[in-house]
Each structure stands twice: as C-alpha cells, then as structure tokens.
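Below: the structure, in structure tokens.
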Amino acid sequence: MNIAIVEDDNAAAAVISGFIDRYAKENGADLVKTRYPNADSFLADSDKLYAVVLFDVKMPGTSGMDAAFELRKRDKSASVLFITSMTQLAQKGYEVDAVGYLVKPVKYYDFALKFKKAISVYTLNERRNVTITVPGGMCRVSMDKLMYVEIVNHRLRYHLVDDVIEMSGSLSKVEEELAGYGLLRCNSCYLVNPAFIRSVRGADLHIGDEVLRISRPKRQKFMEQLTDWFGGGSV
C-alpha cells in the first residue's frame, strides 16, 4: 500500500515515517512511503494513488485541509488522517471523510490505533473502488458511494452521496464497464445502485433524496432484477 506524508516540518515527518515503519514491522504490512514537504507538491503529483494520506493541517501555502478537499475531487477512496495541534477542526474534517486526527506531539499508541483504522477502511473499500475518466485526468470512487448515473444531452453525471461528477460519455459504455457491480437500468437515462433505493411507488423510484422515473419498457425487467436483489443478491 502506498502511504503519503504531507508535512513541511522535517522532524515531524521523520517521526511519522518512523511510526509507519514500526507499524509495518509489527503488523507484517507492506507499506511504501512518499513524503511531500508541502501540499502543493502533493497535489501536483496527481497520477499517484494512495491508501492513506496524512496531512499536516497547518502548512505554508495550501493548507492540509484545503489539500484534502482537492484530493477528494480526484480520489474518493483514500483514507485521510490529519496531523494537527487544533482539535477544533474536527467538524471540517467530516466534510472530506477524514478517518481521524493525530494531535501533536503525536504518540505511537494513538498513531497505531488511528492508522490501523485508516488501513482497515481503505482495505474494506478497495474491492469496491472504480476509476473513471474525468476532464483532465482520472477519479477513483467507491461503489458504496455511487447512487446512480444519469445521462443528459450526452453528458454523464455520476451522483455520489457527497458529490456529482460530470463528463461526456455513453451510459451504455458505463453499464458495460460496471457490469460486475449490479447496477440496474430503470430508464434509458438512469443506471441505479439498488443499495440506495428507498422505495418504488408506481413509476417513481426514490433513491437518496431524489425521485427518478421508471420507464414503461424497462419496468418489468427492472422490477424482476430489483426483487432478486432484495431477495438476497448483492450489488
């Protein structure tokens, strides 16, 4: 697993690096570290994917918190840990799905506890991750956050629980690429994740906070597939 340390202080980065080495040895984990001296250099290295990213919150230039928001635009699956002396930032961390905070000076016991959680969260989601092409690059998303995909005027919209990603493309192509994840067609415009369906009332499909239309030609097959899924299938 690739681990990123985004920390401007050399001594603090060395401590975290040493903790990662100790954790890897104690747990038999194969962890590859990359240290970035600031958030901008991390964001510039956009081609590399990480299992865990540790951000120092307060750094010159782009802050660790702002960098985490930028990371989430291209990677919804990496586990994020913040290193900070300001515990009051917890609420903002929820907005980027942070796994937790390490309060300076960081102690190994606290690090190991939260780092183990970060690894576990990533491992749990890894098999559910898909990478999609977006304008200017790629974005990694978890199927556990993808509610549905729609197409409007030849533009695809991936509706996640916390974001909407838009690009050009074909819904049929998306259906082919995600065939192994159990998404269902309720309409020529929609490909839905049954895990997020709250109810079906007539031709209305309630998914998340949205109401989608079930087309007449696709209704029978869709309802059969949905019944199979609720009967014990999985997405």
Side-chain angles (χ1 to χ4, degrees), residues 46 49-51 68-80 93-99 120-235:
S46 59
L49 295 175
Y50 291 96
F69 276 93
E70 288 300 313
L71 169 66
R72 283 295 181 237
K73 293 179 182 179
R74 71 183 190 224
D75 191 340
K76 310 291 184 181
S77 300
S79 288
V80 170
Y94 291 133
E95 297 176 27
V96 292
D97 281 343
V99 173
S120 296
V121 168
Y122 176 79
T123 302
L124 194 64
N125 293 330
E126 186 177 22
R127 64 185 179 85
R128 305 278 295 163
N129 292 340
V130 295
T131 302
I132 59 177
T133 303
V134 298
M138 309 291 285
C139 180
R140 184 170 60 170
V141 303
S142 169
M143 291 300 297
D144 294 322
K145 292 186 177 182
L146 177 62
M147 295 191 297
Y148 67 97
V149 186
E150 72 171 328
I151 189 160
V152 180
N153 296 327
H154 305 291
R155 296 287 294 175
L156 289 170
R157 293 176 184 167
Y158 288 75
H159 291 261
L160 309 175
V161 294
D162 54 0
D163 199 4
V164 177
I165 302 173
E166 184 173 337
M167 69 204 72
S168 59
S170 159
L171 193 61
S172 295
K173 183 68 173 177
V174 174
E175 186 175 24
E176 181 183 321
E177 292 173 346
L178 302 182
Y181 295 96
L183 301 185
L184 308 178
R185 277 261 202 168
C186 68
N187 190 305
S188 59
C189 301
Y190 302 121
L191 195 59
V192 302
N193 184 341
F196 289 96
I197 295 175
R198 295 190 294 111
S199 65
V200 174
R201 299 174 186 172
D204 291 338
L205 185 154
H206 296 254
I207 186 165
D209 295 327
E210 305 290 332
V211 179
L212 309 182
R213 195 73 173 169
I214 303 171
S215 69
R216 184 173 297 175
K218 295 190 179 297
R219 179 177 175 80
Q220 182 175 345
K221 182 178 180 180
F222 170 75
M223 292 305 296
E224 289 173 354
Q225 291 175 328
L226 186 60
T227 299
D228 287 343
W229 186 86
F230 277 116
S234 59
V235 180

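- The shortest distance between side-chain heavy atoms of V141 and L146 does not fall below 4.5 Å.
- Among residue pairs with one or both ends in residues 210-221, those qualifying as salt bridge (Lys or Arg N to Asp or Glu O under 4.0 Å) are D204-R213; sequence neighbours excluded.
- Rounding to the nearest 0.5 Å places CG of L156 at 12.0 Å from NZ of K173.
- In plain terms, the two heavy atoms of F196 and V161 that are nearest each other are CE2-CG1, 3.4 Å.
- Residue L71 holds its CG atom at 11.0 Å from OG of S46, rounded to the nearest 0.5 Å.
- By the 30° and 60° cut-offs, the orientation of the rings of Y148 relative to H159 is parallel.
- Atom CD1 in I151 sits 9.5 Å away from atom OG in S188 (nearest 0.5 Å).
- A heavy-atom distance below 4.5 Å is not found between the side chains of V99 and Y122.
- A 4.5 Å side-chain heavy-atom check between L171 and V149 finds at least one atom pair inside the cut-off.
- In this structure, L160 CG and M143 CE are separated by 10.0 Å, a value rounded to the nearest 0.5 Å.
- The minimum heavy-atom distance linking G182 with P194 is given by the pair O-CD, 3.6 Å.
- To the nearest 0.5 angstrom, Q225 atom CD is 10.5 Å from L183 atom CG.
- Contact between R72 and V96 at its shortest, heavy atoms only, is NE-O, 2.8 Å.
- With rounding to the nearest 0.5 Å, the separation of CE in M147 from CD1 in I197 is 11.5 Å.
- Among all heavy-atom pairs drawn from S142 and S77, the shortest one is N-OG, 3.7 Å.
- Counting heavy atoms from C-beta on, the side chains of L205 and Y190 never come closer than 4.5 Å.
- With R198 contributing its side chain and H206 its backbone, the two residues share no donor-acceptor pair below 3.5 Å.
- Using a 4.5 Å cut-off on side-chain heavy atoms (C-beta onward), E150 and N187 make no contact.
- For the pair N153 (side chain) and R155 (backbone), a donor-acceptor distance under 3.5 Å is absent.
- K145 pairs with exactly one of N193, D162, D163 by the side chain to side chain contact (heavy atoms under 4.5 Å, CB included) rule, that one being D162.
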